[in-house]
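Only this structure's heavy atoms are used, side chains among them; waters, hydrogens and symmetry mates stay out. In what follows, chains are A, B, ... by sequence order, proteins preceding strands, each numbered from 1. Computed from a predicted model, the values in this text were never measured in an experiment.
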2 protein chains.
Amino acid sequence: MIENEFCEATVIHEDTLRRVREEMPDEEPIYEVSELFKVFGDSTRSRIICALNLAEMCVCDLSALLNMTQSAISHQLRILKAARLVKSKKQGRVVYYSLDDSHIGQIFALAFTHVTEE
Amino acid sequence: MIENEFCEATVIHEDTLRRVREEMPDEEPIYEVSELFKVFGDSTRSRIICALNLAEMCVCDLSALLNMTQSAISHQLRILKAARLVKSKKQGRVVYYSLDDSHIGQIFALAFTHVTEE
DNA sequence: TGAACACATGAACATACGTTCATATATTAA
DNA sequence: TTAATATATGAACGTATGTTCATGTGTTCA
């Protein structure tokens, strides 16, 4: 049992700890990954993503589809756009949103198979 | 332009809206998917998952690895266990945690390739 | 039996987050 | 130019969430 340098935690398995320390991904990419998952971790945003995965849509259609106020949808689209998950295209006063990523579909597909099995 | 039955939202594209309504996944699996992503959406939990993906570990080793208090780790492990993402095995007074799912690795792998490219 | 240890857990606290409300911006049509 | 429309956005509000602190539970060892 060895005291850690930075906190009071006791270390029982020095060998595995050393190995995991070496093989662990850096903190930054892990942080970015969890930031990505955080965006997915709201059902409104997930529903928007599922919808945009089927068709390019404008804000008021999304609002009607999800039965939510235009403001709420717009706020969430802003977050999705900041995360570079959706892109927008303005035509007149209508703004069309669509998915801006190739991995989203794959990640969601895996997640769906996860929650639907067992 | 047609007024929606349940909210004041204006519908511009009736045809795509109808098609998306038909092809959209049900609300419940989408909700479950976003609940799963919500669990992944915290960097502490993501780091725990990355660690357990490399080795079965006890609480105090995780605590030392992530330089966090035993209590904080324990609380997060509770959440991961409730989500059936990790399982625990008690040996004496030491509790060993390991991943309890085959999809986690794939989902994280996809997410990593997403954040590391571009 | 009691001390030490590994872990769990409830309460408290600060912070983050999603929606609502009011309003601003930009475009079209009269 | 004015009214209507589609969207964006800031402030406010309630709620959810992660960590800390204190303490509880269960196990080992002297």
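Summary of helix geometry: the two end axes of the helix from C:dT1-D:dA30 to C:dA30-D:dT1, each defined by five base pairs via their C1' atoms, are inclined to each other by 10° (rounded to 10°).
For A:Phe40 and B:Phe40, the ring centers are positioned 6.0 Å apart or more. Two rings, from B:Tyr96 and A:His13, have their centers less than 6.0 Å apart.
Closest non-hydrogen pair, A:Val86 versus A:Asp100, comes out as C-CB, 3.6 Å. Nearest heavy atoms, A:Arg45 versus A:Val39: NE-O, 2.7 Å.
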Base versus backbone protein contacts along nucleotides 16-26 of chain D [heavy-atom cut-off under 4.0 Å; B, S, -]: -SSSBBB---S

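Summarising the geometry, the separation between CD1 on A:Ile73 and C1' on D:dT9 is reported as 15 Å, rounded to the nearest angstrom. Rounded to whole Å, atom P of C:dA6 lies 16 Å from atom CG of B:Leu77. Atoms CG (A:Asp61) and C1' (D:dT7) sit 13 Å apart, rounded to a whole Å. When the C1' atom of C:dA26 is taken as reference, atom OH of A:Tyr96 falls 16 Å away, rounded to whole Å. Atom P of nucleotide D:dT27 and atom NZ of B:Lys89 are separated by 17 Å, given to the nearest angstrom. Summarising the geometry, the separation between CE on B:Met57 and C1' on C:dC7 is reported as 16 Å, rounded to the nearest angstrom. Atom NE2 in B:His13 sits roughly 16 Å away from atom P in D:dT5 (whole-Å rounding). Put simply, CG on A:Leu66 is 14 Å from C1' on C:dT19, counting in whole angstrom units.
Residue A:Arg78 places no side-chain N or O under 4.0 Å from the OP1 or OP2 atom of D:dA8. Listed pair A:Tyr97 / D:dA6 fails the phosphate criterion, with no side-chain N or O lying under 4.0 Å from OP1 or OP2.
Residue B:Glu27 places its CD atom among 12 or fewer non-hydrogen atoms of other residues, nucleotides or ligands, all under 6.0 Å distant. By the 6.0 Å contact criterion, CZ on A:Arg19 is enclosed, its count of non-hydrogen atoms from other residues, nucleotides or ligands being greater than 12.
Taken to the nearest 0.5 Å, the CG atom of B:Leu77 stands 6.0 Å off from the CG atom of B:Leu62. A:His103 NE2 to A:Leu36 CG: the interatomic distance, rounded to the nearest 0.5 Å, is 10.5 Å.
Under 3.5 Å, the side chains of B:Ser88 and B:Lys81 contain a donor-acceptor pair of N or O atoms.
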